[in-house]
Structures are given as structure tokens and as C-alpha cells.
Amino acid sequence: MMKFIMMMLMLMPLGFLNLYWLIQFVWLLMAFIFLMSFSFNYSYMYLSYGFGVDLVSYLMIILSFWICALMLMASWKIYSSGFWSGTFLFVMLSLMLSLFMTFGALNLFVFYIFFEVSLIPTLMLIIGWGYQPERLQAGVYLLFYTLLASLPMMISIFFYYKLYGSLDFYFLKGELIELVLFICMNTVFFVKIPLFFVHLWLPKAHVEAPVSGSMILAGVMLKLGGYGLMRMMVIFIGLGMKINFFFIGLSLMGGLFVSLICLRQSDIKSLVAYSSVSHMGLALGGILTLNFWGMSGGLMMMIAHGLCSSGLFCLANINYERVSSRSLFLNKGLINLVPSLSLWWFLFISSNMAAPPSLNLMSEIMLMNSLISFDSLNMIMLMLLSFFAAAYSLYLYSFSQHGKLFNGLFSFKTGSMREYLLLMLHWLPLNLLIVKGDLMCIWV
């Protein structure tokens, strides 16, 4: 673990030298090295100086490397225009380092510290390279939603340490039955994933963020919530079996409401952001059932959603760079101009609505198994969720690709090789991972 941390620290000075290609190459290389050293074992590995990985951390770290490398590829405009590109690289390197240490931490308090640290570079990305003046408000929403929920968690971590004398994940034990402690410890993860009612920061942050900010938010930051819940539910199993039905109902109902909100969106980015809330609501419900199907399906959904949603934000940004608008009323008839991009829209939207052979399909099947075994009444909500997911996905595709062209488009640049490579690197892992989906089920 320390060799990876040292490599990232050595990359830090290169940020200000504008060596985009080198940093991107090194991140992809690190993801590849990490992938090659996979252990077919559910226990911890690479233990060093309080860091190490088990299967969940391993998958999350690879996802972080992958998405961060693709963020640099998507942010070519910042580099070519020279808009504080050195600072942008430095912020990206800080973000990757904090995410690596968050997922690699073996101690609950170390995890909490880096969980909070990862907020700062994300905030800088949104405020520094966002588009509208409202990005300041979006940044404040992001910061205060998370901080307000995370302070009670810090106090409850100290209380837990006083009770049991250890904060190592490996030694987390003890049946905690205090409802107040459950709420204090887990609210920050509910906010991060995000649960309906505490989700308002997410669409705001997505709409105002640059493409790199949206990609890291959808691809990795939301996964911090699911990852934290998977770690913490160990000490709340007894209490969780009594009260989790409330949060499961809320997440499924919220997913349905958000799906209906998606059908009324005219902003492409906003629609994709709300669909994230809907999908992660399903993953949250699965994790809270506390059974094997739910945990494995939740992990799989987090990987699948990270790649799929990030790819959709890339597509939205490619359209934005052409049309200078994210409105569905102006982004129309694009199949006539760029049919190759229309194919990519189709591929990502079909994955988003869980069509085979995407990893989304496998994860949704597993989550449906877990939620229906938890309570058969969940079947009604799951049917509606699946139907409306297909409805808003088709709405997004048909509105953006068909119809009459916008008259204000006087000149138009078709897709570049960089953009097609970017989309391919999102889509291939998303649809190839289903072949080895069993690897995501060996850690529970």
C-alpha cells in the first residue's frame, strides 16, 4: 500500500508542470498493476502502516484510479485553454490520494479523516472550474450537508472507542442497540449515498460541476456512502434487523419519486444526476437488508453505476461542448449530425436501464432477490422502479437524438478520437465485468 501512496506523492510536483499525459498514464498503469495483483481471497492483503485492502476496498480503489484517469482525458478543454490547468492537476492528485487512503484505511477514525479530506478537492473542483455563478451555492450545499451529518459520527466514533477500546475494522464487534448511536454513526453515509430527503445537494453539485467534478461525484464519491455502510452495519446487525425496514422503504419510495422527477427534467445533466439518486437508492436498500444477495448486489451496483453514470456525464459534456447548452429543447436531432455519438448514447442509456450484458443487470437482479426476500411487498416498488427507469432512459434518448435540429447551430465539430476512447474505456469494463461477476460475491 505504501508504494502506491509514495508514487502518488511523487506525482504531486508534476501537477504544476502540466504533464497531463504522464499523470493519466501513471494512473492507468497503477490501476493495471493493482488489477494484476488481485488475490482470490476474501481476507485483507497488502497490510502496511495501518492501510490494507479486502475485496471491497480493492474494487473501490481500482474504480478510483480508473475514473480519475478518465477525468483527465475528459478535461482536455481545461488543458488546451490553459485555464489554471496546473492547479487543476494538483487538485486532482490530492483528490486521488485522499480517496486511496479513505478506501485503504483499516481504522475507522483514519477512514473518517480521509472521508472528510476528500470533500475539499471536490469543493475546489466545483467552485474553481464550474460553469454558472450558482456553483458557489452548490459547493456550500455539498460541504454543509456532509459536515452537518459527519460531526455526530465523530462523537459516536469516540464513544465506541471508549466502550470497546479499538477502532480497527477487523475488530469491530459488539451489538450496539442504541438507536441514537445508529443514527449518529450512519447519517453521514445516508447523506453521501444519498438517501431521499437528504439528496438535494447532489443534483445541485452535478449541474454546476465541470465534467471532471460530475464524473468523480457519480463515479466514486457516492460510493463512499455505500462503502461506509457496508463497514458499519457489522456492529448494528441486531438493531438493523429491527429498524432497517424504515430506511429500505424510504430509499425505494425515494427512488420512485426521483424517477418521476427525471421524467420532468429538461437539463440533461440534471436528469442523469437524479437517475443516480434512484439507482443508489436501490443499492442502499440492498445493503440494508444485511443479507448475502444484498451486500454483493450493492457492491456490484456501485461499480456498475460508477462506470455507467460517469460515461453519461461524459456524453452530456460532449454535447455541451458542441451545442453550448444542456437543455433537451436545444439538444435535438443529433442522430442526423453525429450518428456515431448517437450509438454511444444508446449503449450507455441501455446500460443505465439495466439491459444485458451490462453489470447493472446482474446487480439489479441480485438486489431484487435480496429486497423481495426481505419483504415480498417490495416487489411492487421494484416493478415501478424498473418501469420508470426504462421510461426516463427512453425519454432522454428519444428527446436528444430525434426531432428537429436546433437552428442556432451554425458550425459543428464531430467527435474526436479522444472522446470515443474515453467512452470506450467506460463502456468496456461495464459490459465485460459481468463475465466475472462471481468475484464480487466472495467477500461477505
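Just so you know, these numbers come straight off a predicted model, no measurement behind them. Sequence positions, counted from 1, serve as the residue numbers for this chain.
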| message | For Ser309 and Ser276, which I'm curious about, is there any donor-acceptor pair between the side chains at under 3.5 Å? | response | yes
| Would Thr102 and Ser118 count as having a side-chain donor-acceptor pair, cut-off 3.5 Å? | no
| field | Within the 6.0 Å centroid threshold, strictly below: Phe388 and Tyr392 | value | no
| field | Centroid-centroid distance, Tyr164 to Phe171, less than 6.0 Å | value | no
| Listed by chain and number, what are the side-chain hydrogen bond (donor to acceptor under 3.5 Å, both in side chains) partners of Asp267, not counting sequence neighbours? | Arg326
| message | Going by side-chain hydrogen bond (donor to acceptor under 3.5 Å, both in side chains), name the residues that satisfy it together with Asp168, two or more places apart in sequence or in a different chain. | response | Asn107
Extract all donor-acceptor atom pairs below 3.5 Å that involve side chains of residues 63-77 and protein atoms in other chains or at least two apart in sequence.
{"unit_1": "Ser64", "atom_1": "OG", "unit_2": "Met60", "atom_2": "O", "d": "2.8"}
{"unit_1": "Trp66", "atom_1": "NE1", "unit_2": "Leu425", "atom_2": "O", "d": "2.9"}
{"unit_1": "Ser75", "atom_1": "OG", "unit_2": "Met71", "atom_2": "O", "d": "2.8"}

| query | Going by the angle between their ring planes, with limits at 30° and 60°, are Phe111 and Phe189 parallel, tilted or perpendicular? | reply | tilted
| request: Can you measure from CD1 (Ile287) to CE (Met230) and round to the nearest 0.5 angstrom? | output: 4.0 Å
| request: Scan for side chain to side chain donor-acceptor pair (under 3.5 Å) pairs involving residues 238-258, sequence neighbours excluded, and state none if there are none. | output: none
| Which pairs, with at least one residue in residues 197-215 and sequence neighbours excluded, count as a side chain to side chain donor-acceptor pair (under 3.5 Å)? | Ser214-Lys269
| query | Considering residues at least two apart in sequence or located in another chain, which fulfil the side chain to side chain contact (heavy atoms under 4.5 Å, CB included) criterion with Phe25? | reply | Leu29
| query | Does CE in Met379 sit with more than 12 non-hydrogen atoms of other residues, nucleotides or ligands closer than 6.0 Å? | reply | no
